[in-house]
Amino acid sequence: MGSNGMLARRIVETEMPIMVQIQQLIRGAKNAVSLAQGVVYWKPPKQALDKVKALVEEPSVSCYGADEGLPELREALIRKLRQENNLQRSSVMVTAGANQAFVNLVLTLCDAGDSVVMFAPYYFNAYMSFQMTGVTKILVGPGYPKTLYPDADWLERTLLETKPVPKLVTVVNPGNPSGTYIPEPLLKRISDICKNAGCWLVVDNTYEYFMYDGLKHSCVEGDHIVNIFSFSKAYGMMGWRVGYVSDFVWFVKFVLSCICYILHSLPSNICIHPSKRV
């Protein structure tokens, strides 16, 4: 029973997270600094921490919550999407962090054996999500050498030449691990390329507030686009596991099926309650 031959091939072939590798490498070492994981130094907002203290005794906190997220939180996030991200038609589903959101999307959009596209340098968890769910053809595109922007010309050629057409294209904006912001015209071009090819575009906006030098983060919206967001980094809530998916109502109900069977409910209402007030 200890043989790898008894395990699912998709798990055996999934790469070990680089964070775990680095943790094992530096365990016991002195004065070692790990750059394998982005962890902010600030704490969650004081009003969120204070609210948690007040919620501990509230009975609803220990009950199952709405699978798609508390209605009040979803309403607040929809307002945020309208005002800050210019996503005017999107609905919202709350998830246990952005990573769970991405896995749910892969399960919802991709079948075993499908091909997908991502760009180097890529976020390792996204690559692992594809491996674990049976996606066997992961096409990794280049970035422009001076900027690390995704190469849209390469993407256009690849989607035209690859048969069947890849099911999904994913980008992180700003990039992880590059930190590179994708300018709005380039993001719109990538969106148009995906739409014309008939494939999905998944945009991870976890670092939307990490913008500098007067640059402003932007999002794109369309019936072929899914946006992912997170509370983890901007609000110092990494361990709270709160993220959300932004897409149209008809699509969200299919992602909900994944949450119902994997989590049944979001992990902790005590995290979700104060998040809606951040």
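Computed over heavy atoms, backbone and side chain alike; hydrogens, waters and symmetry mates excluded.
Looking at Tyr244 and Asn227, their side chains never bring a donor and an acceptor atom within 3.5 Å of each other. There is a side-chain donor-acceptor pair under 3.5 Å between Glu208 and Asn85. Counting only N and O atoms by type, the side chains of Lys216 and Tyr181 include no donor and acceptor under 3.5 Å apart.
The aromatic rings of Tyr235 and Phe231 sit tilted relative to each other, their planes meeting at an angle between 30° and 60°.
Distance CD/Glu221 to SG/Cys219: 9.0 Å, rounded to 0.5 Å. How far CG of Asp111 is from OG1 of Thr136: 11.0 Å, rounded to the nearest 0.5 Å. Rounding to the nearest 0.5 angstrom, the gap separating the CD atom in Gln83 from the CD atom in Gln88 is 9.5 Å.
Salt bridge Asp247/Arg89: absent, no basic N to carboxylate O contact under 4.0 Å.
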| side chain to side chain contact (heavy atoms under 4.5 Å, CB included) between Tyr144 and Trp154: does it pass, once the steps are laid out? | CA-CA 10 Å; Tyr144 294 108; Trp154 175 90; over 6 Å; no
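The heavy-atom pair separating Arg189 from Ala152 by the smallest distance is NH1-CB, 3.5 Å. Thr162 approaches Ser115 most closely through the heavy-atom pair CG2-OG, 4.4 Å.
A donor-acceptor pair is defined here as one N or O able to donate and one able to accept, closer than 3.5 Å; no such pair exists between the side chain of Ser191 and the backbone of Leu187. Side chain of His224 to backbone of Asn196: no donor-acceptor contact under 3.5 angstrom is found. In this structure, the side chain of His217 does not engage the main chain of Tyr207 through any donor-acceptor pair within 3.5 Å. For Asp151 (side chain) and Asp153 (main-chain N/O), a donor-acceptor pair under 3.5 Å exists by modelled atom type. Although no hydrogens or angles enter the test, the distance criterion places a donor-acceptor pair under 3.5 Å between the side chain of Arg82 and the main chain of Ser90.
In this structure the side chain of Asp114 never reaches within 4.5 angstrom of the side chain of Lys137, judged on heavy atoms. Inter-residue side-chain proximity for Thr180 and Pro174 is flagged as unmet; no heavy-atom pair is nearer than 4.5 Å. In this structure, Cys194 and Trp200 have side chains that are not in contact, with every pair of non-hydrogen atoms separated by 4.5 Å or more. Looking at heavy atoms from C-beta onward, Val203 lies out of side-chain contact with Thr170 at the 4.5 angstrom threshold. At a threshold of 4.5 Å between non-hydrogen side-chain atoms, the residues Val172 and Phe119 do not count as touching.
Atom NZ of Lys46 has 12 or fewer heavy atoms from other residues, nucleotides or ligands within 6.0 Å.
Aromatic ring centres of Tyr122 and Phe130 lie farther apart than the 6.0 Å criterion allows.
Only one option out of Leu168, Ile225, Val245 pairs with Val202 in a side-chain contact (heavy atoms from CB on, under 4.5 Å); it is Leu168.
Met132 and Leu139 fall into different hydrophobic clusters, where Ile, Leu, Val, Met, Phe, Trp and Tyr side chains are chained together by heavy-atom contacts under 4.5 Å.
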